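Can you read through this structure? Questions will come right after.
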Amino acid sequence: MRDQKAEGTLGRTHSPPLATVSRGSRVKCPKVTSCPGLVQGWPEAQGTPAADCQVHSHGPRQGPEEGGGGGLRPPWHPDLVVEVAHPQIIHESGAQILRHANLLVGSASALADQSTEQQLLEASHHWGHAVFVARGALWGSEDIARLDAAGGLQSLRVIMATHPDGFRLQGPLAAAHSTGPRTVLYEGPVRGLCPYAPQNSNTMAAAALAAPSLGFDNVIGVLVADLSLTNMHVVDVELRGPPSSTGRSFVVHTHRENPAEPGAVTGSATITAFWRSLLGCCQLPSRPGIHLC
């Protein structure tokens with residue numbers, strides 16, 4: 001992960017080691033294809049144009065019997081490549097993928113890196129392919145986007161709480177210690193959190209994308225270790241509009257409890273949300289740019 005300094009407040013907690021990149025999932029949208037290995041120098045696809053929506057999911061390299069080997073080869077010609085492994089894949093290969101297909105990013109935290117975001121935008125506009133970003137566990141993303149577009153959003157705060165075993169942390173957060181039953185590990189700009197909690201900050205990153213007027217530098221992320229949440233991820237979203245003529249502001253607070261296996265990074269409902277994002281982006285036009293879905 002790239003060396004970046006967090007601007008927020010870092011707390012202290014115990015954490016397990018960073019998980020390795022896991023195998024990508026196979027999906028239907030509506031045609032199933034195998035999962036090629038992630039390689040540099042992706043060759044040009046040849047052969048018959050893709051029918052409907054062929055989806056490839058990037059994970060570790062597979063053997064020839066699984067359609068892997070040396071990466072995409074003729075007649076592979078995907079419409080959409082799905083990342084569901086780790087933001088490092090987007091850092092290293094996202095722009096390259098856009099040369100050949102639309103891209104669905106599961107690791108929204110990758111876009112907290114400004115150079116990665118710029119590379120994706122440039123490649124998207126150059127090759128005419130879209131970057132879709134899954135909203136994941138973010139509840140009310142469309143409402144946030146509408147309010148932001150109308151100029152009615154002044155502040156946005158996302159609090160994610162779970163048991164410490166559910167975190168995969170790096171840098172100063174990985175070496176920290178819990179100070180009680182509920183410990184705030186970080187509170188500050190989402191951009192400062194993503195490099196140290198790339199697998200636990202995707203909901204906050206999605207919020208930053210939903211509210212571009214605030215973005216990664218002004219949407220506030222709060223990461224909380226709660227020893228009582230052994231089988232649950234809790235996400236609170238707090239937003240506030242500017243004061244009205246009466247002096248009162250428009251305020252919304254959502255509270256989402258997502259059941260999860262002990263120590264799991266992702267809750268059970270998030271999988272369904274991602275699946276709906278995948279189906280949704282397959283029905284959207286391929287417009288250059290970055291789009292939350």
Side-chain angles (χ1 to χ4, degrees), residues 1-2 21 23-27 29 31 33-62 67-68 70-136 191 194 198 202 205-206 208-210 212 215-216 274-275 277-293:
M1 187 55 60
R2 304 182 179 201
V21 174
R23 184 181 296 276
S25 303
R26 293 187 180 184
V27 295
C29 184
K31 182 176 179 180
T33 62
S34 59
C35 177
L38 179 63
V39 296
Q40 298 295 326
W42 191 0
E44 291 286 354
Q46 301 175 5
T48 306
D52 297 320
C53 182
Q54 299 181 20
V55 181
H56 293 268
S57 179
H58 267 314
R61 184 188 299 272
Q62 295 177 318
L72 286 181
R73 297 175 295 183
W76 297 120
H77 192 142
D79 298 301
L80 179 69
V81 175
V82 181
E83 177 275 315
V84 285
H86 194 277
Q88 196 65 29
I89 290 176
I90 303 303
H91 294 317
E92 296 178 355
S93 301
Q96 181 187 9
I97 289 169
L98 287 168
R99 180 178 180 182
H100 303 271
N102 293 333
L103 173 62
L104 174 58
V105 178
S107 302
S109 62
L111 278 80
D113 181 272
Q114 290 174 301
S115 121
T116 296
E117 182 182 22
Q118 186 60 34
Q119 289 172 11
L120 292 178
L121 282 171
E122 291 176 358
S124 172
H125 286 279
H126 183 78
W127 299 108
H129 288 130
V131 179
F132 299 109
V133 181
R135 70 189 71 185
R191 193 183 304 280
C194 289
N202 290 316
L209 293 170
F216 283 92
F274 183 85
W275 174 245
S277 290
L278 192 156
L279 295 179
C281 72
C282 282
Q283 299 170 7
L284 294 173
S286 178
R287 295 183 294 111
I290 297 173
H291 315 285
L292 199 64
C293 67

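Here the structure is a predicted model, which means the values were calculated and not measured. The figures here come from the full heavy-atom set of this structure, side chains too, leaving out hydrogens, waters and symmetry mates.
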> What are the two closest heavy atoms between F132 and P285, and how far apart are they?
Replying inline: CZ-O, 4.0 Å
> If every non-hydrogen atom of F216 is compared with every non-hydrogen atom of A108, which pair is closest and at what distance?
Replying inline: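 Where F216 meets A108 most closely, the heavy atoms are CZ-O, 4.4 Å.
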>> Using a 3.5 Å distance criterion without hydrogens, assess whether the side chain of S277 forms a donor-acceptor pair with backbone atoms of C293.
In response: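 Yes.
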> Would I90 and L103 count as a side chain to side chain contact (heavy atoms under 4.5 Å, CB included) if you check the C-alpha gap in whole Å, the side-chain angles of each, and the deciding distance to 0.1 Å?
Replying inline: CA-CA 10 Å; I90 303 303; L103 173 62; 4.1 Å; yes
> Within the side chain of H125, is there an N or O that forms a donor-acceptor pair under 3.5 Å with the backbone of P288?
Replying inline: no
> Shortest non-hydrogen contact from S286 to G128?
Replying inline: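 Shortest heavy-atom contact: OG-O, 3.3 Å.
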>> Can you tell me which residue among P87, C194, P198 is in a side-chain contact (heavy atoms from CB on, under 4.5 Å) with S107?
In response: P87
>> Between E83 and G106 (side chain of the first, backbone of the second, donor and acceptor by atom type, cut-off under 3.5 Å), is there such a pair?
In response: yes
> What distance separates H91 NE2 from L111 CG, expressed to the nearest 0.5 Å?
Replying inline: 8.5 Å
> Considering the options I97, L98, V133, which one meets the side-chain contact (heavy atoms from CB on, under 4.5 Å) requirement together with L120?
Replying inline: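 Answer to the side-chain contact (heavy atoms from CB on, under 4.5 Å) test with L120 among I97, L98, V133: L98.
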>> Taking E117's backbone N and O only, do any of them form a donor-acceptor pair with Q114's side chain (distance below 3.5 Å, no angle check)?
In response: no
> So, N102 side chain and H129 main chain: donor-acceptor pair closer than 3.5 Å or not?
Replying inline: no
